[in-house]
Visitor: 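Take this structure first; my questions come after.
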Amino acid sequence: MEILQTEIAVAELRAATLHASLADVSMESMNLLNQVADTYPDAISFAAGRPYEGFYDVAQIHEYLQVFCDHLRTRVGLSEAETARTLFQYGATKGIIGDLVARGLAVDEGIDVDPSSVVVTVGCQEAMFLLLRALRADGSDAVLAPSPTYVGLTGAALLADMPVLPVRTGEHGIDLDDLLVQLRRARAEGKRVRACYVTPDFANPVGVSLPLADRHRLLDIAADEDLLLLEDNAYGLLSSATDRPPTLKALDRHQRVVYLGSFAKTGMPGARVGYVVADQRVTGTSSGEVLLADELSKLKSMLTVNTSPIAQAVIGGKLLAHDCSLVAANRQETEVYERNLRQVLDGLDRRLEGRAEVTWNAPTGGFFIVLTVPFTVDDALLEHAARRHGVLFTPMHHFYGASDGFRQLRLSISTLTYERIEEGLDRLAALIDEQLGERPGERLAQFDASSAQEGAGESSPGEVA
Ligand SMILES: Cc1ncc(COP(=O)(O)O)c(C=O)c1O
């Protein structure tokens, strides 16, 4: 008997038919950096922007859960069944710890917000996406952000189809004169600039903090130009300083600031809990006047439904265990970060002084330092550094969407011990000396000058060292 064979078409998708973000070079950054780290597990990593792991203890998670459940029972007055339901069931889209988040903001930041304007999100990342999604009404909308900027913002904007217009970064953070230039240019081109994203405290990747006078001026600009400011404060609380400048949100008198919070560095990244404070009024909705937080919550209900109540309970318990002060909760960690930062800055001084063309900034807190060098820093150099020298860093071009930053690298100080920092800096110095010893431009061969802006393209053909 003859068997008829029909041809079955196997599903195949063409990249060009998928969302444009998938083809964007920024989307590869995380994967690429993780790949290099995975391939060279023995390399000492100044790349990871992760919190310190030395104090981790699984028992803490149980304790925090317990503290939160006791709070539900004794202070909120829930029955045992209601307490169980709070953890086991779907929950309110805005979250179950908005009141504790608001208390924490009051205790640590002097920020006074009503819990109804808080949406607890799956990390700060979801908050950034929700905001940009809500603000992007049509193709003329755009958001300003300092260049270089945190890749999470760039990625969220790509997913939300929101163009990011770069603003120059000065010695202390976003350059406010350039902000006005870019704003006016964008408007002249018919763009509607919805907001400006900023990280005033210990920015990622540049590490620096915005001076108080600039904070006031930024708020004035926002009021004069009818702009929202999206303030991301992932690192600000990790400081022992008693004279920390107030956040933009604490200074804000006109609800110009949407505040983005993350518990990744102050709580634990594994919980994936962040939040947004959006107390702006939205008029003309089908329900009349509502808070921006309500509109974000509507979007969230169709994205992640609600943030895991179990994860929120762990973070809520951590807040409760420290009277809602994350500054207090992180005293030990902050000591490590500040000590590490000093050690790395001193270590760079000792190892690299006299190399006139190698410079670095000196942030007063946070996780990051930026080094500027007279040779090209690309992914090929990172791979070489890992393989030949056993040291990792983050090439800064990843924070410029590969359009600039090819002579800079970011060092993160957060995860290493004293000995690893000393050894890592020795290795880094050896890499730098090796690169400085070369003929100019020698190892620029694999660098595609056409994709880079000025300065980075002065390459001549050759081999990767
Ligand atoms: C500037 C900035 N914002 C936010 C975050 C944390 O985001 P998430 O809460 O989604 O982990 C980070 C972490 O690297 C960051 O550097």
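Read the numbers this way: they start at 1 and go in the same order the structure lists the ligands and their atoms.
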Visitor: Return the set of residues passing salt bridge (Lys or Arg N to Asp or Glu O under 4.0 Å) with Asp224 (not counting sequence neighbours), or none when no residue passes.
Guide: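 Salt bridge (Lys or Arg N to Asp or Glu O under 4.0 Å) check on Asp224 returns nothing, list empty.
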Visitor: Name the residues with a heavy atom less than 4.0 Å from ligand 1?
Guide: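 Contacts of ligand 1 under 4.0 Å: Gly123, Cys124, Gln125, Tyr150, Tyr197, Asn204, Asp232, Ala234, Tyr235, Ser262, Ala264, Lys265, Arg272.
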Visitor: Using the test salt bridge (Lys or Arg N to Asp or Glu O under 4.0 Å), find all partners of Glu126 that sit at least two apart in sequence or belong to another chain.
Guide: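 Scan of Glu126 (salt bridge (Lys or Arg N to Asp or Glu O under 4.0 Å), adjacent residues dropped) gives Lys300.
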Visitor: Give me each pair satisfying side chain to side chain donor-acceptor pair (under 3.5 Å) with a member in residues 84-102, each pair once, sequence neighbours excluded.
Guide: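 Only Lys94-Asp294 qualify under side chain to side chain donor-acceptor pair (under 3.5 Å).
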Visitor: Looking at Asp279 and Lys249, is any side-chain nitrogen of the basic one under 4.0 Å from a carboxylate oxygen of the acidic one?
Guide: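 A salt bridge is present here (some side-chain N lies under 4.0 Å from a carboxylate O).
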Visitor: Salt bridge or not for Lys318 and Glu63, using N-O below 4.0 Å?
Guide: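 Judged by the 4.0 Å cut-off on N to carboxylate O distance, Lys318 and Glu63 do not form a salt bridge.
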Visitor: Take atom CZ of Arg185 as the centre, draw a 6.0 Å sphere, and report whether it contains more than 12 heavy atoms from other residues, nucleotides or ligands.
Guide: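 Counting neighbours around CZ of Arg185, 12 or fewer heavy atoms of other residues, nucleotides or ligands fall under 6.0 Å, so no.
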